[in-house]
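Hydrogens, waters and symmetry mates are skipped; everything else that's a heavy atom, side chains included, is used. Just so it is clear: chains get the letters A, B, ... in the order the sequence lines come, proteins before strands, and each one is counted from 1.
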2 protein chains.
Amino acid sequence: MAPKDQAQGTENSGQLDFPRPLATVDVVIFAIRNEGLHVLLVQRPAGAGEPFPLSWALPGGFVDVAKDRDLEACAVRKLKEKTGVTSPYLEQLGSWGSAGRDPRGWSATHAYFALMPEEAGRTALAPDAQWFPVSAGRIKPKLAFDHGEILTAAVERLRNKVEYTSLPAYLMPAEFTLPDLQRVYEIVLDRPLEKSAFRTRILSADMIEPIAKMRRGPNRPAQLYRLKKGKEPVYFVRTFNPPE
Amino acid sequence: MAPKDQAQGTENSGQLDFPRPLATVDVVIFAIRNEGLHVLLVQRPAGAGEPFPLSWALPGGFVDVAKDRDLEACAVRKLKEKTGVTSPYLEQLGSWGSAGRDPRGWSATHAYFALMPEEAGRTALAPDAQWFPVSAGRIKPKLAFDHGEILTAAVERLRNKVEYTSLPAYLMPAEFTLPDLQRVYEIVLDRPLEKSAFRTRILSADMIEPIAKMRRGPNRPAQLYRLKKGKEPVYFVRTFNPPE
DNA sequence: TCAATAGTGTCTCTTAGACACTATCAG
DNA sequence: CTGATAGTGTCTAAGAGACACTATTGA
């Protein structure tokens with residue numbers, strides 16, 4: 001039986017006994033690990049009837065209408081289950097739904113993407129979870145379902161937004177220097193940025209504040225900063241000018 | 001019964017007999033009509049068991065797992081049913097899902113937003129559909145479900161993107177002048193733009209081309225343009241500088 | 001002629017890019 | 001001292017804002 005259109009019904013379209021798609025939530029979790037962008041994946045179980053057994057996939061799962069108040073709560077729950085942390089940054093990425101993406105039937109997933117510092121992803125990682133480096137917007141193993149496509153979209157979104165926002169701040173540890181932050185921008189954008197322009201932009205954005213400590217090393221010490229409390233991301237009115 | 005997590009299952013998580021949320025698609029359809037931003041709404045039916053009877057709502061309805069190949073196809077179908085046209089521009093806006101947004105149960109909607117020229121929205125409008133002016137990002141009647149919130153998000157997204165993209169081109173008729181286009185930018189942004197900078201930006205974006213015709217009136221004729229074939233939206237590297 | 005709108009040119013200001021320069025540490 | 005990295009200053013180029021100026025029509 002096909003669903004009635006919500007607004008057509010002269011008949012009783014309050015009837016709800018038609019097939020419903022499966023509803024899932026998946027989270028693309030990013031962190032910087034040894035100078036590279038990484039994403040957290042989980043290995044699919046091997047049980048009978050399981051689609052894509054032992055393939056790597058984005059952390060996620062079915063919406064639980066009893067446990068989850070709303071979609072974001074569901075995403076937070078998945079994140080917490082896999083990493084033990086609630087990410088400092090979580091944004092909706094989009095939804096993917098079609099007849100064929102899951103062999104178990106018509107399904108739609110609500111995808112989120114999360115940013116966290118490396119330190120956060122180390123403590124309580126689930127046993128089936130593992131960090132994978134992202135190179136050229138892709139991952140080495142072929143992912144389950146359409147998760148490769150979702151990951152590509154997430155990387156693209158992240159790259160785009162890094163051009164004109166302060167998102168990389170959420171990938172930083174609690175205390176960091178300006179050169180640290182610039183390195184993270186450069187890792188995500190995969191191109192060098194000009195130091196002077198970078199510093200001017202970041203410092204005039206009023207997003208970080210210096211703390212009374214320096215990072216000392218074999219050379220000139222660097223001022224340490226932390227994120228300001230009001231932690232909404234900052235939007236710049238220009239992008240970093242693209243090369244060529 | 002609660003759904004098993006996709007990736008936890010040592011037991012058989014291939015079991016699918018747990019409650020599923022309702023899945024719908026809603027479309028926010030924008031057009032410019034007499035110098036103002038308008039959105040297309042449909043009136044909800046009055047039948048027994050219908051939520052929000054006779055309230056105005058975004059056009060949309062349940063995903064039909066038999067008819068709809070994927071979410072976008074479902075959105076295109078809704079759009080066609082209500083306007084008779086397939087919009088020149090359709091973009092996913094996001095998804096809203098929670099236990100309480102629909103009195104019939106846990107539901108999630110996949111929201112899209114569409115842009116079309118005024119002319120398109122005149123021919124085959126559904127009898128229950130009507131254009132409403134958007135003022136200050138809101139609509140006069142209180143909308144059904146959480147559609148007011150979705151509409152607000154759509155207007156905000158549109159305003160943001162108009163600052164740095166060529167999206168308003170999709171609100172224009174087939175032939176238009178540069179002052180026409182500027183007026184549409186100004187309507188959406190709700191502030192005047194500077195003529196000279198506007199023309200420079202649009203003309204250097206290589207998105208429109210002059211045709212061999214002028215718009216004649218009681219004053220100096222204006223060059224008519226049309227959208228170039230390759231109709232992807234253009235992204236500028238700067239926003240129009242915000243006031244103050 | 002004038003009113004009205006289309007379209008151009010000229011100046012200033014902001015900010016990115018390039019790049020040289022100074023500053024401060026360990027050894 | 002040297003090497004290394006942090007941080008600043010100076011010049012140029014691009015594009016926006018402001019605004020004056022010219023251009024082309026109908027009446």
* Separation between NE2 of B/H38 and CE of B/M116, rounded to the nearest 0.5 Å -> 14.0 Å

* Integer-rounded Å distance: C/dG7 C1' and B/Q223 CD -> 11 Å

* Expressed in angstrom and rounded to an integer, what is the separation of B/L178 atom CG from C/dA6 atom P? -> 10 Å

* Asked: Which whole-number value in Å describes the distance from A/E163 CD to C/dA16 P?
  -> 12 Å

* Asked: Which pair of non-hydrogen atoms, one from B/R226 and one from B/A174, has the smallest distance, and what is that distance?
  -> CB-O, 3.5 Å

Check nucleotides 1-5 of chain C for protein N or O atoms closer than 3.5 Å to its own N or O atoms and list the pairs.
residue, atom, partner, partner atom, Å
C/dT5, O4', B/N219, ND2, 2.8

* Given atom CZ of A/R191 and atom P of C/dA16, what is their separation to the nearest angstrom? -> 12 Å

* Residues B/D128, B/K82; criterion salt bridge (charged side-chain N to carboxylate O under 4.0 Å, His left out); working and verdict -> CA-CA 8 Å; B/D128 59 342; B/K82 292 304 165 190; 3.2 Å; yes

* Structure fact -> Rounded to the nearest 0.5 angstrom, the OG-CG distance for B/S98 and A/D68 is 11.5 Å

* Residue closer to the 5' end of DNA chain D, B/L193 versus A/P221 (nearest nucleotide) -> A/P221

Atom pairs, N/O to N/O, protein against nucleotides 9-11 of chain C, distance under 3.5 Å?
residue, atom, partner, partner atom, Å
C/dG9, O6, B/S196, OG, 2.9

* **Distance, rounded to the nearest Å, where A/L224 contributes CG and D/dG7 contributes C1'** => 14 Å

* Would you check if A/T24 and A/V63 make a side-chain contact, meaning some heavy-atom pair closer than 4.5 Å? => no

* To do: Return the value, rounded to whole Å, for the distance between atom NZ of A/K195 and atom P of D/dT8.
  => 10 Å

* Asked: What do you reckon, is CZ of B/R33 surrounded by more than 12 foreign heavy atoms closer than 6.0 Å?
  -> yes

* **B/R199 CZ to D/dG17 P, straight-line distance once rounded to whole Å** => 16 Å

* Structure fact -> Checking A/L158, A/I202, A/I32, A/L181 against A/P168 for side-chain contact (heavy atoms from CB on, under 4.5 Å), the one that qualifies is A/L181

* To do: Could you walk me through whether B/R159 and B/E163 pass the salt bridge (charged side-chain N to carboxylate O under 4.0 Å, His left out) test, one step at a time?
  => CA-CA 7 Å; B/R159 287 229 169 106; B/E163 291 279 0; over 6 Å; no

* Within this structure, what is the CZ-to-P distance between B/F240 and D/dA16, rounded to whole angstrom? -> 8 Å

* Asked: Looking just at side-chain N and O atoms, do A/E91 and A/Y89 make a donor-acceptor pair shorter than 3.5 Å?
  -> yes

* For B/E175, does the CD atom sit with more than 12 other heavy atoms under 6.0 Å from it, leaving out its own atoms? -> yes

* Any residue of residues 203-217 of chain A with a heavy atom less than 4.0 Å from an atom of DNA chain C -> A/R216, A/G217

* Please confirm whether B/R201 makes a cation-pi placement over B/F236, using NZ or CZ under 6.0 Å from the six-membered ring centre and within 45° of the ring normal. => yes

* To do: Report yes if a side-chain nitrogen or oxygen of A/R201 is closer than 4.0 Å to either non-bridging phosphate oxygen (OP1 or OP2) of C/dT15; otherwise report no.
  => no

